[in-house]
**Student:** 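Quick one: this structure, given as structure tokens, is what I'll be asking you about.
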Protein chains: 2
Amino acid sequence: MVKQRKETNGVMRKTVNTAHQEPETERRILQSAEKVFYRQGYDGARMQEIADEAGINKALLHYYFRSKERLFDAVFSDAVMRLVPPVFAVMNSNSPLMDKVRAFVDAYFNTVVNNPFLPGFVVHEMHRNPSRFSEIIRASRLLMLDGLQHQLDLGAESGELIAMPAEQFMLNLLSLCAFPFVAAGAMQSVSGKNDSDYQHLLEERRQFIPQWMARMVERDASSNQQC
Amino acid sequence: MVKQRKETNGVMRKTVNTAHQEPETERRILQSAEKVFYRQGYDGARMQEIADEAGINKALLHYYFRSKERLFDAVFSDAVMRLVPPVFAVMNSNSPLMDKVRAFVDAYFNTVVNNPFLPGFVVHEMHRNPSRFSEIIRASRLLMLDGLQHQLDLGAESGELIAMPAEQFMLNLLSLCAFPFVAAGAMQSVSGKNDSDYQHLLEERRQFIPQWMARMVERDASSNQQC
DNA sequence: CCTTTGTTTAACCATAAAGTTAAACTATTT
DNA sequence: AAATAGTTTAACTTTATGGTTAAACAAAGG
């Protein structure tokens, strides 16, 4: 009785096999891993699936990235670095508060519209292993709320703004931006909207969020009444 | 050479083994499964871990719930039913808009403070399998936005409120309530807050969210200026 | 044409996890 | 106290998956 096995499942990609093309292949692996990890999460992802997606063999995955853990690390820190810095960098500038908000929303939506699974992925994997994430953030020295708090305090003193902790302000902004993406799958399936309807809803939010944020914090909110 | 295995890992609970106590055991299994699934998600959860947590053997799990899938289904629909109906029921009443908002926030926080992993769990599992969720929701006939939209339209006509699609209104409310829980692990690890600090932050939000929602949508927001 | 070097693969291995089974145990009934 | 029916268990089987290996392959240089 001969034991026989075939692990490569049916898909049978066009095997290009042009040897000596290392960087091209590595990039393709990362892209495929991204796709699979984003959708399935670490635990749900299968190395075989990533290999298939990249049109290569499982062993090659281990040749480039020694283990699932390492491959995941590469994908995850890449994801975080792509999402977090451009978005939070604007909060450390010294532009007026509402300019910051507009810049934040724009940066967030620009990044995320092209990677709609990214927020959900990051949130879930942070939950699975919070320290991994905080390491990355700490290393990149982002998200200092001191400047923002100072700005809010000044506005409150001058009577222009309502007093508010910077943390709450930031959490509001992030909630309004991120949650609709994090919960997109659910929202769609409940509301019965199709993909492009929901896309439209999100575009609408991109316009409104800065106005909403202004109305939440500005003492005289009558300047933002068209909505 | 004798093959020998022990699957029960070390913990060694006090085995109570009082036969004929079916309902008690089933409840305990569900509680344990809940705990494990909430923290680890479906893919990350291990049947053995659930059995250990419940102080019983793996086979008993399969005796009560035929498979991991079925056990998960029980836990998930239980979770959704515990979270969704009390929260969304209030939106279908005919109380004034801001009473609804306050009731929603209270209901949400009351449910979630006792099950802080619930929102993240639901969101992640909905993402993994959206149809499962929409089935449950559809079956329970919740989340009709028509009444809310009508209310918003009336307010807009009378000049009291700013015109706003009910979907956006609802999404704002849900975002402000849910996201801080969904992303709690991440937030904590980034902000360096400990558990009780973050708990305090969340309590603070419970107070503020109704005011923020009012300021976002009410034309004359000066009545909600203490913040 | 042969060798070398980097690339790719199928087949294999080890392990962990889901699921099954047959026997033992406990309490209740007779 | 013996039989019965409802519980509980250890040990086992099967399958899936991460990881390894030895050999084949392609291209470049001699």
Side-chain angles (χ1 to χ4, degrees), chain A residues 1-30 32-33 36-37 40-75, chain B residues 1-30 32-33 36-37 40-75:
Chain A
M1 168 145 175
V2 185
K3 215 170 158 194
Q4 199 170 322
R5 239 190 294 177
K6 271 255 177 184
E7 279 204 329
T8 48
N9 48 16
V11 185
M12 200 40 125
R13 301 222 156 203
K14 45 191 181 281
T15 296
V16 194
N17 196 356
T18 28
H20 301 273
Q21 54 163 354
E22 179 178 326
E24 160 65 16
T25 304
E26 181 163 339
R27 219 174 39 79
R28 211 169 68 223
I29 292 179
L30 274 170
S32 308
V36 175
F37 278 133
Q40 323 260 126
Y42 179 85
D43 289 318
R46 298 290 154 244
M47 291 298 266
Q48 185 63 53
E49 199 179 340
I50 295 171
D52 290 350
E53 181 75 38
I56 57 162
N57 178 292
K58 215 173 36 136
L60 192 57
L61 239 51
H62 287 94
Y63 177 76
Y64 278 98
F65 300 87
R66 191 181 299 248
S67 67
K68 187 183 184 183
E69 189 72 23
R70 277 162 182 259
L71 177 56
F72 178 82
D73 274 348
V75 169
Chain B
M1 170 146 171
V2 185
K3 215 169 158 195
Q4 199 171 323
R5 240 190 292 177
K6 271 259 179 183
E7 280 203 329
T8 48
N9 47 18
V11 184
M12 201 38 127
R13 302 224 155 202
K14 44 193 180 285
T15 296
V16 193
N17 196 356
T18 28
H20 303 272
Q21 54 164 353
E22 179 177 328
E24 160 65 18
T25 305
E26 182 164 340
R27 220 175 38 78
R28 211 170 67 224
I29 292 179
L30 274 170
S32 307
V36 175
F37 278 131
Q40 322 260 127
Y42 180 84
D43 290 316
R46 299 290 154 241
M47 291 298 266
Q48 185 61 55
E49 200 180 338
I50 295 172
D52 291 349
E53 181 74 38
I56 57 160
N57 177 294
K58 214 174 35 137
L60 193 56
L61 239 51
H62 287 93
Y63 176 77
Y64 279 98
F65 301 86
R66 191 181 299 250
S67 67
K68 187 182 183 182
E69 190 71 24
R70 279 161 181 260
L71 177 55
F72 178 82
D73 273 350
V75 169

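Note on naming: letters A, B, ... go to the chains in the order of the sequence lines (proteins, then strands), and numbering restarts at 1 for each one. Note that the structure is a prediction, hence the values are computed from the model and not measured.
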**Student:** Please confirm whether the shortest side-chain N or O distance from Tyr63(A) to OP1 or OP2 of dG6(C) is below 4.0 Å.
**Tutor:**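 It does not, given that no N or O in the side chain of Tyr63(A) lies less than 4.0 Å from OP1 or OP2 of dG6(C).
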**Student:** How long is the line joining CZ of Phe72(B) and C1' of dA18(C), in whole Å?
**Tutor:**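 My rounded result for the distance is 16 Å.
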**Student:** Between the base of dA18(C) and the side chain of Lys58(B), is there a donor and acceptor pair under 3.5 angstrom?
**Tutor:**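 Yes, the side chain and the base share a sub-3.5 Å donor-acceptor pair.
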**Student:** How close or far is atom P of dT13(D) from atom NE2 of His62(B), stated in whole angstroms?
**Tutor:**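 After rounding, the reported distance stands at 17 Å.
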**Student:** Go through the structure and list residues passing salt bridge (Lys or Arg N to Asp or Glu O under 4.0 Å) with Asp73(A), not counting sequence neighbours.
**Tutor:**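 Scan of Asp73(A) (salt bridge (Lys or Arg N to Asp or Glu O under 4.0 Å), adjacent residues dropped) gives Arg132(A).
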**Student:** Among dA17(C), dG19(C), dA10(D), find the nucleotide with the atom closest to the side chain of Asn57(B).
**Tutor:**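 The answer is dA10(D), which lies nearest to the side chain.
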**Student:** Report the distance from atom OH of Tyr42(B) to atom C1' of dA17(C), rounded to the nearest whole Å.
**Tutor:**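 Rounded to whole Å, this separation is 11 Å.
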**Student:** Give the rounded distance in Å between these two atoms: CG of Asp43(A) and C1' of dA17(C).
**Tutor:**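 Whole-Å distance recorded here is 13 Å.
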**Student:** Excluding sequence neighbours, so at least two apart, what forms side chain to side chain contact (heavy atoms under 4.5 Å, CB included) with Arg66(A)?
**Tutor:**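 Arg66(A) satisfies side chain to side chain contact (heavy atoms under 4.5 Å, CB included) with Arg70(A) once adjacent residues are dropped.
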**Student:** Using the side-chain heavy atoms of Thr25(B), tell me which of these nucleotides is nearest: dT8(D), dT9(D), dA18(C).
**Tutor:**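 For Thr25(B), the side-chain atoms sit closest to dT8(D).
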**Student:** Mind listing the closest non-hydrogen atom pair of Gly55(A) and Arg28(A) along with its distance?
**Tutor:**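 Heavy atoms only, the tightest pair is O-NH2, 4.4 Å.
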**Student:** Taking only the side-chain heavy atoms of Ala59(B) (C-beta and beyond), determine which of dT20(C), dA10(C), dT8(D) contains the nearest atom.
**Tutor:**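 In terms of side-chain proximity for Ala59(B), the closest of dT20(C), dA10(C), dT8(D) is dT20(C).
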**Student:** Quickly work out the Leu61(A) CG to dA10(C) C1' distance and round it to whole Å.
**Tutor:**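 That distance rounds to 16 Å.
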**Student:** For Ala45(B), report the nucleic acid contact type (base, sugar-phosphate, nothing); a contact means any heavy atom under 4.0 Å.
**Tutor:**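 The answer is sugar-phosphate, as Ala45(B) gets under 4.0 Å only of primed atoms, P, OP1 or OP2.
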**Student:** Please report the distance, rounded to the nearest Å, between CD1 in Ile56(A) and P in dA10(C).
**Tutor:**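 Atom CD1 in Ile56(A) sits about 12 Å away from atom P in dA10(C).
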**Student:** Tell me the interatomic distance from Leu60(A), atom CG, to dG19(D), atom C1', rounded to whole angstroms.
**Tutor:**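 Value for this atom pair: 14 Å.
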**Student:** Please report the distance, rounded to the nearest Å, between CE in Met47(B) and P in dG19(C).
**Tutor:**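 After rounding, the gap between these two atoms is 6 Å.
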**Student:** Report yes if a donor N or O on one partner sits less than 3.5 Å from an acceptor N or O on the other, where the partners are the side chain of Lys68(A) and the base of dG19(D); otherwise report no.
**Tutor:**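 No.
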**Student:** Rounded to the nearest 0.5 Å, how far does CG of Leu60(A) lie from CD1 of Ile50(A)?
**Tutor:**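 Output value for this atom pair is 12.5 Å.
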**Student:** Which heavy atom of Asp43(B) sits nearest to which heavy atom of Lys68(B), and what is that distance?
**Tutor:**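 Taking every non-hydrogen atom into account, O-NZ, 4.3 Å.
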**Student:** Can you tell me which nucleotide in dT8(C), dG19(C), dT20(D) comes closest to the side chain of Tyr64(A)?
**Tutor:**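 Selected nucleotide (nearest to the side chain): dT8(C).
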**Student:** Whether Arg46(B) contacts dA16(C) is assessed here as follows: a side-chain N or O lying under 4.0 Å from the phosphate OP1 or OP2. Is that the case?
**Tutor:**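 Answer is no, no contact under 4.0 Å.
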